[in-house]
There are 2 protein chains.
Amino acid sequence: MQPALRDPNPPLTRSVEDYLKVIYHLSSQGGFAATSDIAAMLDVSPPSVSGMVKRLSETGLIEHVPYRGVQLTSQGRRAALRMIRRHRILELYLTQHLGYDWGSVHAEAERLEHAVSDDLIERMASALGQPQYDPHGDPIPTAAGDIEETELVALADARVGTKLELRQVGTQDAARLRYFAEQGLTPGVLLTVSERQPFNGPTTIALVPSGEPRVVGRELAQLLWCQEIGA
Amino acid sequence: MQPALRDPNPPLTRSVEDYLKVIYHLSSQGGFAATSDIAAMLDVSPPSVSGMVKRLSETGLIEHVPYRGVQLTSQGRRAALRMIRRHRILELYLTQHLGYDWGSVHAEAERLEHAVSDDLIERMASALGQPQYDPHGDPIPTAAGDIEETELVALADARVGTKLELRQVGTQDAARLRYFAEQGLTPGVLLTVSERQPFNGPTTIALVPSGEPRVVGRELAQLLWCQEIGA
DNA sequence: TCTCATAATTAGTATAGACTAACTAGTTCT
DNA sequence: AGAACTAGTTAGTCTATACTAATTATGAGA
């Protein structure tokens with residue numbers, strides 16, 4: 001029998017940059033990123049995270065409080081934002097210029113973001129007209145490493161009566177993304193919160209300007225991150 | 001003292017696919033690819049090549065005759081052609097759609113070819129109109145893994161009167177290579193066969209467009225592999 | 001306060017690449 | 001044929017990632 005071409009089930013290997021990205025996301029609400037959460041996000045075992053955490057804090061990219069968690073240093077934050085810029089520019093480019101749809105673009109960008117040069121990213125950004133938001137509505141960090149800080153509220157938590165702009169959809173799940181798209185719930189859409197049923201019930205919203213109502217169950221409403229529209 | 005961010009001088013890591021590509025090129029004239037030539041092409045030490053050669057022949061991608069060299073199996077050839085397709089499509093896409101110039105595109109493609117999906121390559125190929133040749137005139141293998149065989153003829157065997165492009169110099173000998181270079185006989189040069197003397201005598205050629213004549217003895221003329229230029 | 005469940009860490013190993021130093025096979029020259 | 005040079009291989013390490021199994025720290029409930 002012919003030996004296998006390669007191990008059919010190799011452990012997937014995440015890079016330093018992947019760790020920094022998820023630490024950025026997990027600690028964006030100001031706290032520490034926990035080992036087990038990092039492990040879950042990267043689909044890797046907790047000991048693998050402990051090992052990487054040690055290397056990363058030795059090189060000054062994160063700070064580690066044992067048994068507590070981990071936060072980015074300013075250096076680590078810079079590196080994370082650089083990767084996030086790459087990822088979001090790639091997603092936009094692939095959707096706008098190569099016909100990818102939003103649901104499938106993530107995995108491609110995830111691989112490419114490690115291989116492209118800064119030069120190529122900036123060429124893509126130019127071809128896109130220096131965009132500020134990616135297809136999911138997330139802000140794209142600048143080449144200098146600044147990112148727009150927007151306070152976003154989950155639809156599930158928004159007060160009845162407020163007017164909102166849908167800014168980002170907090171999932172990569174293709175089926176949910178497709179459903180949201182069918183419902184007209186794509187980033188940029190304006191809506192008002194009409195009603196919320198008690199006991200963690202669904203939220204009813206009205207799309208602006210059409211006024212069409214939508215009823216969104218609690219689970220999905222927690223994925224829709226919105227920005228309150230001022231006067 | 002702050003520890004270094006990472007080893008400032010890490011060994012560069014070539015992948016299986018890089019090895020297959022250079023083996024493809026080195027053995028394209030039907031012979032074996034030598035360990036030291038592979039090492040030189042990949043800028044890696046000879047023992048590294050020996051190690052990779054062992055793995056590659058265990059998995060059936062190459063055949064190894066110790067102290068002789070290495071050849072691709074049909075499986076290895078398929079894998080090599082897949083990478084060559086990726087590389088050439090990428091180079092073409094980057095030059096045509098993102099303003100790269102032909103000199104700088106190689107390194108970018110070299111990194112991307114390992115990260116892109118087949119799907120993305122086919123989208124790029126569509127955007128380019130399913131091209132058959134890259135800007136050097138090298139044929140792009142099809143997605144199915146076929147490549148137009150450019151038949152190379154040794155200058156010593158070319159018919160008088162034909163117009164040729166010098167494609168490959170079939171020796172590693174430094175003195176001969178230097179001599180060829182002095183004579184202006186480097187890959188890419190165009191020439192016509194003016195005359196051949198009988199009894200395995202020398203071939204006289206005229207360089208195009210200068211028209212300068214060169215007389216090439218039989219031994220050397222057998223090292224100069226040329227492609228016939230069609231009408 | 002003590003115990004226990006859970007989360008995190010350490011210990012020990014694997015894999016795929018790299019390297020240098022040392023050894024061997026093949027070739028060429030006298 | 002034998003010596004000497006060259007190319008190739010083997011042996012032994014290194015690095016960065018991963019894993020499982022075993023251990024330890026923390027915090028919550030009795």
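Computed from a prediction, not measured in an experiment: that's the story for all the values here. Chain letters run A, B, ... following the sequence lines, proteins first, then strands; residues in each count from 1.
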Categorize [X] for me: base, sugar-phosphate, or nothing, with a 4.0 angstrom heavy-atom threshold over every strand shown.
X     : result
B:V49 : nothing
B:S48 : base
A:T35 : sugar-phosphate

Does a side-chain N or O from [X] land closer than 4.0 Å to OP1 or OP2 of [N], or not?
X     : N      : result
B:R55 : C:dT15 : no
A:H64 : C:dT9  : yes
A:S36 : C:dA8  : yes
B:T13 : C:dG17 : no

Which residues share a side chain to side chain contact (heavy atoms under 4.5 Å, CB included) with B:E219, sequence neighbours left out: B:R176

Polar contact flag, side-chain donor to acceptor under 3.5 angstrom, A:S15-A:E17: yes

Test item: side-chain donor near acceptor, A:R167 and A:Y133, under 3.5 Å: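 Judged by distance alone, the side chains do pair up.
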
When the distance from [atom1] of [X] to [atom2] of [N] is rounded to whole Å, what number comes out?
X     : N      : atom1 : atom2 : value
A:E17 : D:dT17 : CD    : C1'   : 13 Å
A:K54 : C:dA8  : NZ    : P     : 16 Å
A:R14 : C:dA16 : CZ    : C1'   : 18 Å
B:L42 : C:dA18 : CG    : C1'   : 13 Å
A:F32 : C:dA7  : CZ    : C1'   : 16 Å
A:Y19 : D:dT17 : OH    : P     : 8 Å
A:M52 : C:dT9  : CE    : P     : 14 Å
A:D18 : D:dA16 : CG    : C1'   : 14 Å

Check: residues 33-51 of chain A side-chain donor-acceptor pairs under 3.5 Å, at least two apart:
| residue | atom | partner | partner atom | Å |
| --- | --- | --- | --- | --- |
| A:S45 | OG | A:S48 | N | 3.4 |
| A:S45 | OG | A:S48 | OG | 3.0 |

Within residues 68-79 of chain B or reaching into it, pairs that qualify as salt bridge (charged side-chain N to carboxylate O under 4.0 Å, His left out) - sequence neighbours excluded: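 Qualifying pairs, neighbours excluded: B:R77-B:E149.
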
Residues that B:E110 engages under salt bridge (Lys or Arg N to Asp or Glu O under 4.0 Å), provided they are two or more places apart: B:K21

Qualifying ring pair (Phe, Tyr, Trp, His ring centres under 6.0 Å) pairs with a residue from residues 76-98 of chain A, counting only residues at least two apart or across chains: A:H87-A:H106, A:Y93-A:H97

Between the protein and nucleotides 21-29 of chain C, list every N/O to N/O distance that falls short of 3.5 Å.
| residue | atom | partner | partner atom | Å |
| --- | --- | --- | --- | --- |
| C:dA25 | O4' | B:Y67 | OH | 3.4 |

